Protein chains: 2
Amino acid sequence: MNASAPSLHGIVLFAHGARDARWAEPFERLADKLRALAGPDTHVSLAFLELMEPDLERAVAAQAAAGCSSITVVPVFFGQGGHVRRDLPLVIEACRAAHPTIEIRATVPVGEDDAVLDALAAYCLRQLGMAG
Amino acid sequence: MNASAPSLHGIVLFAHGARDARWAEPFERLADKLRALAGPDTHVSLAFLELMEPDLERAVAAQAAAGCSSITVVPVFFGQGGHVRRDLPLVIEACRAAHPTIEIRATVPVGEDDAVLDALAAYCLRQLGMAG
């Protein structure tokens with residue numbers, strides 16, 4: 001590996017999934033925003049819990065194949081349902097076992113973050129016509 | 001009705017619901033933030049699509065009983081699944097029929113809002129240790 005090449009970081013936006021393909025649109029927009037902000041040394045892709053592809057293990061494998069030396073999985077969920085609470089840690093462990101040279105972690109789900117909740121509250125206030 | 005009393009506005013934060021009661025915690029935190037920001041003339045409550053109570057029609061009825069002259073339903077969803085896309089407009093119509101003197105509307109789901117997506121992108125960047 002070229003020692004002077006910058007490290008490639010991966011972000012996998014992990015969402016629930018649905019039958020209707022239109023459901024994924026906001027996540028595609030989020031991925032686009034992230035690509036623009038994070039720059040060329042960051043790979044951004046989507047993964048889904050069910051009904052849509054790729055699943056998380058396949059998304060991580062694709063990031064690994066693209067040369068990412070670290071991968072951050074961001075659960076784009078509001079509440080932590082059973083899948084996120086129980087199953088996600090197991091899938092992360094499986095990914096680490098499959099890619100032992102890559103640093104792989106999952107963040108807390110976006111809906112648990114205080115600044116995200118502040119942004120949601122501001123959205124609500126704007127909808128009421130109040131400053132937000 | 002006292003003509004000099006301020007109008008009471010209602011916000012119903014409409015979320016999916018889950019079996020585990022802990023799932024609702026972020027929504028409770030969001031409701032608290034909103035109450036602090038919106039002030040005493042705004043009622044804030046939660047409603048759920050399934051598995052948790054109250055459902056949306058009951059939450060709207062409670063806001064009406066509390067004296068709200070207008071009620072804004074905010075779907076706290078990322079993607080618009082079939083329930084939000086197809087069923088929510090029907091429930092809003094039913095609420096309007098049940099409460100004809102109250103102005104009732106639903107906003108676009110939070111995950112469709114550009115500023116909300118910007119906040120989510122910023123969260124992702126902070127998780128990577130980049131400014132966000």
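Bear in mind the structure is a predicted one, so any value in this text is a computation, not a measurement. Residue numbering restarts at 1 for every chain, and letters A, B, ... go by the order of the sequence lines. Scope of the values below: all heavy atoms of this structure, side chains included, with no hydrogens, waters or symmetry mates.
Remark: side-chain polar atoms of B/Arg29 are not paired, donor with acceptor, to backbone N or O of A/Asp113 under 3.5 angstrom.
Summarising the local packing, CD of A/Glu53 is surrounded by 12 or fewer heavy atoms from other residues, nucleotides or ligands at distances under 6.0 Å.
Cluster annotation: B/Val91 is connected to B/Val12 through the hydrophobic network of ILVMFWY side chains, with a link wherever side-chain heavy atoms come within less than 4.5 Å. In the hydrophobic clustering of this structure, A/Phe77 does not group with B/Leu49; members are Ile, Leu, Val, Met, Phe, Trp, Tyr whose side-chain heavy atoms approach within less than 4.5 Å, directly or through other members. Tracing side-chain contacts under 4.5 Å through hydrophobic residues (I, L, V, M, F, W, Y), one never reaches A/Val76 starting from A/Ile104; they form parts of separate clusters. A/Val74 and A/Ile92 fall into different hydrophobic clusters, defined by Ile, Leu, Val, Met, Phe, Trp and Tyr side-chain heavy atoms under 4.5 Å apart, directly or through other members. Residues B/Leu128 and A/Ile71 are members of separate hydrophobic clusters, defined by side-chain heavy-atom contacts under 4.5 angstrom among Ile, Leu, Val, Met, Phe, Trp and Tyr.
Shown here for B/Phe78 and A/Phe27, the closest heavy-atom pair between the two residues is CB-CZ, 3.4 Å. Closest non-hydrogen pair, B/Leu30 versus A/Leu117, comes out as CD1-O, 3.5 Å. Closest heavy-atom contact between A/Leu34 and B/Ala121: CD1-O, 3.6 Å. Here the closest non-hydrogen pair linking A/Tyr123 and B/Val116 is CB-CG2, 3.9 Å. Taking all atoms of both residues into account, the shortest heavy-atom contact from A/Pro26 to B/Gly111 is CB-O, 3.3 Å.
A/Gln80 touches chain B through its backbone: at least one of N, CA, C or O sits under 4.5 Å from a heavy atom, while the side chain does not. With a 4.5 Å cut-off on non-hydrogen atoms, A/Ile11 touches chain B through its side chain but not through its backbone. Using a 4.5 Å cut-off between heavy atoms, A/Val110 contacts chain B through both its backbone and its side chain. When heavy atoms are compared at a cutoff of 4.5 Å, A/Arg85 approaches chain B solely by way of its side chain, counted from C-beta outward. Only the side chain of B/Arg105 comes within contact range of chain A, with at least one heavy atom under 4.5 Å from a heavy atom of that chain. With a 4.5 angstrom heavy-atom cutoff, A/Val84 does not touch chain B via any of its atoms. For A/Val108, the parts lying near chain B are the backbone and the side chain together; criterion is any non-hydrogen pair under 4.5 Å.
Counting heavy atoms from C-beta outward, B/Cys124 and A/Thr72 have side chains that stay 4.5 Å or more apart. Using a 4.5 Å heavy-atom cutoff, the side chains of A/Leu120 and B/Lys33 are not in contact.
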